[in-house]
Amino acid sequence: MKEFSELVKRFDRIRTYVRDFYVYGFKTREDYSEGSGRTYDNERRRIESWFSPYIHSEYNEERKKTVAIIAHSNRIAVNPLFSAWKSKSFTSNDIMLHFFILDFLADGGFYTADETADVLQCRYGVLFDSQTVRKKLVEYESLGIFTAKKEGRRLLYGKRENSCEENTSNLCSMDWLEKMTDSPRFLDMVSFYQGSAAFGFVGSTILDNLQKENTVFRLKHDFLVHTLEDEILLELLRAMRERKEIQLENKSAKTGRTEQVEGTPLKILVSTQTGRRYVIVHQTKSKRFSSFRLDYLLSVVRLESEGDDGEARYEQHKKDLEKNLTKTWGVSFGDGRKKESPPLRRPSERTARMESISFTLSLDEEREAHIIGRLEREGRGGTITRLDHGVWSYTRECFDCNEMMPWVKTFTGRILSFSCSNSMIEKKFFRDMERMAKMYAESPPHLRSAECAESPPHLRSAECAESPPHFSSVESEVNKDGI
């Protein structure tokens, strides 16, 4: 039986378990369907070893043990999830090959894997299998340390040119390095970086090597789980810098199925509300923009460019994306299928993929002016119109109105009417309002007739002709404007 070790060779395997323990800490051993029970036990022991000060366990109603990672960002000096990055396993061959290959290729020459293995044996007296040497060369090429080129059928590896090496050689002297690391400003900079930026585990590792701690900064709202996505983020940023296409493997949270998508990564978006990070990709096959959550991506592989127009094609995709981002509410670009024509636009102005949403609000303009301020501040470019005293309307078009619904529902209790060009969203809204009314009243009063039975009192779609007496004049103005 293989001996248990808290070190890991591949980070992608442990990433899912760490995220589940941190985000879904209520899971039991039986709730993990991936892998065997023994695999779960090994990963749990490894996680408990890494995060022992933050492990919390309890028994549920069925007397089954649940384990979770509980960490309050405003009380800790360093992200505890960084420990997962500092636990990679290595062998004696890894250490020897690292220094031997770097020393051998320092002359600037290019050699095959077989030639490198032969030289290592002659020069250093250590015999390595050529396949082992080849894997190490391929790994260092992917890390950007080496570069590869072809001569006929031969694949040669050599040291990557560094134009800054000569200019920075004097700066990297030990005296300068000691002065820099002893500076309080340097320590404050690294302490702030390790808690606030992507790849913060790099700053944490620097502090560990200097035997220093973060004694200055605490973050009240910090998305600690971001560090688990940094490996994926690094490959995306490399592809964006090199203007290359990628092949990503995405796993659906609802169905559990995985799909492979090829496309060009263009932009990384971060939600200020949920902290989720997304990558916007122009898909090669469908010729459309799509967004993917980074924590759902299993792998990202950069593809070799075809043709010489990669740079121009990338810049054109970026220009198209900037135009399309003004038509989104969040990160969704819709499903690409033809939509119902938005009723608020003229026929010549309608766009097949666009959806429109509109609702009217009732408020006290003297005491509730902050509601109008919310519409202006949070409306993201929507049209705000004063219909009557105390009655305001909001209208906006975007690719996917479903993204707007959580925000729209924050005005529940003030909404007089609601309409959406997507009939499915409109029906779902009134169905949710009806369910809510039944939760708080045994028999909701003043429900509309059969055609409007889906809407609770004073909540009607544009097609409902009946209106409460004290809103009849308002409704006539609303219908006149085509809402």
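We're numbering straight along the sequence, starting at 1. Given the structure is predicted, the values throughout are model-derived calculations rather than measurements.
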Checklist entry - Given the rule in the side-chain contact (heavy atoms from CB on, under 4.5 Å) test, do E58 and K65 qualify, once you have shown the distances and angles that lead to the verdict? => result CA-CA 6 Å; E58 61 182 18; K65 186 178 180 180; over 6 Å; no
Next on the checklist: Using a strict threshold of under 4.0 Å (side-chain N to carboxylate O), is an ion pair present between E397 and K327?
Outcome noted: no
Next on the checklist: Between K319 and E315, does any NZ, NE, NH1 or NH2 come within less than 4.0 Å of an OD or OE carboxylate oxygen?
Outcome noted: no
Checklist entry - Heavy-atom distance under 4.5 Å between the side chains of E262 and V281, does that happen here? => result no
Checklist entry - Are a donor atom and an acceptor atom from the side chains of T264 and R243 found within less than 3.5 Å of each other? => result no
Checklist entry - Can R367 and D364 be counted as an ion pair, charged N to O under 4.0 angstrom? => result yes
Checklist entry - Is there side-chain contact between D400 and F333, with at least one heavy-atom pair below 4.5 Å? => result no
Next on the checklist: I'd like to know if the side chain of Q247 reaches the main chain of Q260, judged simply by a donor and an acceptor atom lying under 3.5 Å from each other, with no hydrogens or angles considered.
Outcome noted: no
Checklist entry - Any ion pair linking D295 and R277 (charged N to carboxylate O, less than 4.0 Å)? => result no
Item to check | Note: R302-E245 ion pair, threshold 4.0 Å (strictly below) | outcome: no
Checklist entry - Going by an N to O cut-off under 4.0 Å, is there a salt bridge joining R45 and D41? => result no
Checklist entry - Under the 6.0 Å and 45° cation-pi test, does R293 pair with Y296? => result yes
Checklist entry - How far apart are the closest heavy atoms of L224 and N79, and which atoms are they? => result O-ND2, 3.0 Å
Next on the checklist: Using every non-hydrogen atom in the two residues, find where F199 and Y193 come nearest and quote the distance to one decimal.
Outcome noted: O-OH, 3.2 Å
Item to check | Side chain to side chain, I76 and H72, heavy atoms closer than 4.5 Å | outcome: no
Checklist entry - Of the non-hydrogen atoms in L303 and K244, which two are nearest, and what is the gap between them? => result O-CD, 3.6 Å
Next on the checklist: Taking R431 first and then E434, would you say they form a salt bridge - that is, a charged N and a carboxylate O separated by under 4.0 Å?
Outcome noted: no
Checklist outcome for this item: For F217, the ring pair (Phe, Tyr, Trp, His ring centres under 6.0 Å) test, sequence neighbours excluded, returns F192
Checklist entry - Taking it one step at a time, do I371 and F411 satisfy side-chain contact (heavy atoms from CB on, under 4.5 Å)? => result CA-CA 9 Å; I371 302 298; F411 298 98; 4.1 Å; yes
Next on the checklist: To the closest 0.5 Å, what do you measure between CG (L375) and CD1 (I384)?
Outcome noted: 5.0 Å
Item to check | Residue pair C398 / E355, side-chain heavy-atom distance below 4.5 Å | outcome: no
Checklist entry - Say you draw a straight line from OG of S252 to CZ of R257; how long is it, rounded to the nearest 0.5 Å? => result 8.5 Å
Checklist entry - Taking atom NZ of K323 and atom NZ of K318, what is their separation to the nearest 0.5 Å? => result 14.5 Å
Next on the checklist: Do L81 and F51 make a side-chain contact, defined as non-hydrogen atoms from C-beta onward lying under 4.5 Å apart?
Outcome noted: yes
Next on the checklist: Could you walk me through whether K285 and V261 satisfy the side-chain contact (heavy atoms from CB on, under 4.5 Å) test, starting with their C-alpha distance in whole Å, then the side-chain angles of each, then the deciding distance to 0.1 Å, before giving a yes or no?
Outcome noted: CA-CA 8 Å; K285 185 176 180 180; V261 178; over 6 Å; no
Item to check | Validation row: T205, F82 side chains within 4.5 angstrom (heavy atoms) | outcome: no
Checklist entry - Going by atom types only, do Q316 and D320 share a side-chain donor-acceptor pair under 3.5 Å? => result yes
Next on the checklist: Under 6.0 Å between ring centres: does that hold for F223 and H226?
Outcome noted: yes
Next on the checklist: Distance alone, cut at 3.5 Å: any donor-acceptor contact between the side chains of T385 and W392?
Outcome noted: no
Checklist entry - What do the steps show when you test R374 against T410 for side-chain hydrogen bond (donor to acceptor under 3.5 Å, both in side chains), and what is the final call? => result CA-CA 11 Å; R374 276 196 60 197; T410 62; 2.9 Å; yes
Checklist entry - How long is the span from the CH2 atom in W329 to the CZ atom in R380, to the nearest 0.5 Å? => result 5.0 Å
Next on the checklist: Which heavy atom of A239 sits nearest to which heavy atom of I246, and what is that distance?
Outcome noted: CB-CG2, 3.4 Å
Next on the checklist: Under 6.0 Å between ring centres: does that hold for Y394 and W407?
Outcome noted: yes
Checklist entry - Relative to the ring of W85, is the ring of F201 parallel (under 30°), tilted (30 to 60°) or perpendicular (over 60°)? => result parallel
Item to check | S291 side, atom OG; I268 side, atom CD1 - distance, nearest 0.5 Å | outcome: 11.0 Å
Checklist entry - Does V331 offer a backbone N or O that forms a donor-acceptor pair with the side chain of T328 under 3.5 Å? => result no
Checklist entry - In terms of side-chain heavy atoms, does T360 have a donor or acceptor partner in S417 at a distance below 3.5 Å? => result yes
Item to check | Minimum heavy-atom distance between V279 and P265, given as atom pair plus value | outcome: CG2-CB, 4.0 Å
Checklist entry - Can you tell if the side chain of E426 reaches within under 4.5 Å of the side chain of S419, non-hydrogen atoms only? => result yes
Checklist entry - Can you find a pair of side-chain heavy atoms, one from F186 and one from M189, that are under 4.5 Å apart? => result yes
Item to check | A198 to D230 - nearest heavy-atom pair and separation | outcome: C-OD2, 4.3 Å
Next on the checklist: If we count only N and O atoms by modelled type, under 3.5 Å, do the side chains of S290 and Q283 hold a donor and an acceptor together?
Outcome noted: yes
Checklist entry - Without hydrogens or angle criteria, can the side chains of K86 and S204 be said to hold a donor-acceptor pair below 3.5 Å? => result yes
Checklist entry - Can you tell me if CD on E259 sees more than 12 non-hydrogen neighbours from other groups inside 6.0 Å? => result yes
Next on the checklist: Between I415 and L361, is the side-chain contact (heavy atoms from CB on, under 4.5 Å) condition met? List the steps.
Outcome noted: CA-CA 5 Å; I415 301 177; L361 299 176; 3.7 Å; yes
Checklist entry - Taking the six-membered ring of Y22, is the NZ or CZ of R19 close enough (under 6.0 Å from the centre) and on axis enough (within 45°)? => result no
Checklist entry - In Å, rounded to the nearest 0.5 Å, how long is the span from CD1 of I206 to CD of Q194? => result 10.5 Å
